[in-house]
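Counting starts at 1 for both ligands and their atoms, in listed order. Here the structure is a predicted model, which means the values were calculated and not measured. The first residue in the sequence is number 1, and the count goes up from there.
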Amino acid sequence: MKNYRPTWAEINLDALYHNLQIAQKNAPHKTIIPVIKANGYGHGAIKIMKFLIEKGVDYFSVSTLEEALELRKVNHNVHLLMMGPIQKKDLEVASKHDIEITLYDEEITHYVLSSKLPLICHVKMDTGMHRYGVMDETYICQVIEELQKKTNIKLKGIYTHFATADSDEVFYYRQVDRFYKLFTQLKVKPPVIHMSNSSSTLNYEKDFDFTTHVRYGISLYGLTLEPKNHNLKTVMKLKTRIATIKSLKKGECVGYGQTYCAKEDEIIGVLPIGYADGFLRRNKHGDVEIKKRRYQLVGNICMDACFVKIDDSIKVGNIVTLFGGLVTTDEVAKRNKTINYEIVTSISYRVTKEYVRRSS
Ligand SMILES: Cc1ncc(COP(=O)(O)O)c(C=O)c1O
């Protein structure tokens, strides 16, 4: 989509590559599977995939079949793991396009065992997250043996997912122990054994020698929920430019509901970005960055616009960074009473992405 409006998300591919290297350093000898579901956590899955292929990555994971098929259209060779649930009627499509599917409960596992389709599968064990995954380890061992006998099925991997890798080490290790126990019981090990998400990759993966791959999501984009930053670099900066400037006399108010009134003669910049862009009303009263300084938003956020109290050093056309710079994505998440994952994935389709990188 061509961008006519000066509102955009700047995606720094050098920062993305830096974050990939941080993962590789912390998980030596493991294959990093970038998680690029939800349009690459809002950063643009196709662009991110193409860039990472250039950097030698050949395995990606997504949540839905739609996401997997969109990526398959772009590249026929990479391995694509679909982590979310699949409907029986869609197995044929997954089979046709070499999408690796997840066996996440007994019903789909049973169905796949009876299928004649060529399928590439990962069995997911629920070790405590209680979302997707099979809990009964004896059952898993049995079906793995059966799957390994099938000529139409390639049992490629087993995996699990952590609920508290960034918050509760005791529960984290309980999940690791359950998964490791399963691993030790398998007579023939599938080639791909994976359990770590970002926090687990950065904090623990180097201590495990039985896994082969990690699924690296949020920290690829430079974010984490941990107090420790791991030297990650933020990839997305949300930007706009001052569209017009209003001089308010003392007592005059701005926007819907007239909720902010000038306490003295004041200058207000109008920004062409609003809640329909994913910049939600909860950002009211938050700071933005202009010319390396903080300025405060005032009044209600509109669908397509919001207001910032400025001074006469600020002109129409000046760049405003709403998050990802001096005002961090974490600060905005806190202001919105949410987590950084939700901030970046909520930026809407209206906001064009501009990819920046050093040439090479
Ligand atoms: C199954 C699975 N694996 C890996 C990830 C990546 O997690 P993170 O973004 O915390 O690295 C996710 C993300 O939610 C997931 O659902």
| remark: dist I11:CD1 -> T234:OG1 (nearest 0.5 Å) comes out at 11.0 Å

| query | Does M129 have a heavy atom less than 4.0 Å from any atom of ligand 1? | reply | no

| Heavy atom of Y341 under 4.0 Å from ligand 1? | yes

| task | Determine, for R5 against D277, whether the closest basic-nitrogen to carboxylate-oxygen distance falls under 4.0 angstrom. | result | yes

| For atom 4 (C) of ligand 1, closest protein heavy-atom neighbour | R215 NE, 3.4 Å

| request: Please could you name the atoms of ligand 1 that K124 approaches to less than 4.0 Å, counting only its heavy atoms? | output: 1 (C)

| note | Closest to atom 1 (C) of ligand 1 among protein heavy atoms sits M83 SD, 3.6 Å

| Nearest protein heavy atom with distance in Å, relative to atom 7 (O) of ligand 1 | N197 CB, 3.5 Å

| Would you say G217 has any N or O atom under 3.5 Å from an N or O of ligand 1, going by distance alone? | yes

| field | Proximity winner for atom 6 (C) of ligand 1, if only heavy atoms of Y104, Y132, Y41 are counted | value | Y41

| Considering only protein heavy atoms, which is closest to atom 14 (O) of ligand 1, and at what distance to one decimal place? | K37 NZ, 2.8 Å

| note | When distances are taken from atom 11 (O) of ligand 1, the protein heavy atom at minimum range is S198 OG, 2.5 Å

| Do Y159 and ligand 1 have an N or O pair less than 3.5 Å apart? | no

| Lys/Arg N to Asp/Glu carboxylate O, K181 vs E137, below 4.0 Å | yes

| In ligand 1, which numbered atoms sit nearer than 4.0 Å to a non-hydrogen atom of R131? | 16 (O)

| So, are R293 and D311 salt-bridged, with charged N and O less than 4.0 Å apart? | yes

| request: Look at E289 together with R294 and state whether they make a salt bridge at an N to O cut-off of under 4.0 Å. | output: no

| task | Run the salt-bridge test on D304 and R350 with the 4.0 Å N-O cut-off and return the result as yes or no. | result | yes

| task | Please write down residue, atom name and distance for the protein heavy atom closest to atom 12 (C) of ligand 1. | result | H161 CE1, 3.6 Å

| said: Between K37 and E67, does any side-chain N to carboxylate O distance fall below 4.0 Å? | reply: no

| message | Quick test of your reading of the model: are E100 and K154 salt-bridged, counting only N-O distances below 4.0 Å? | response | no

| note | Which of V270, I310, N318 passes side-chain contact (heavy atoms from CB on, under 4.5 Å) with I245? It is I310

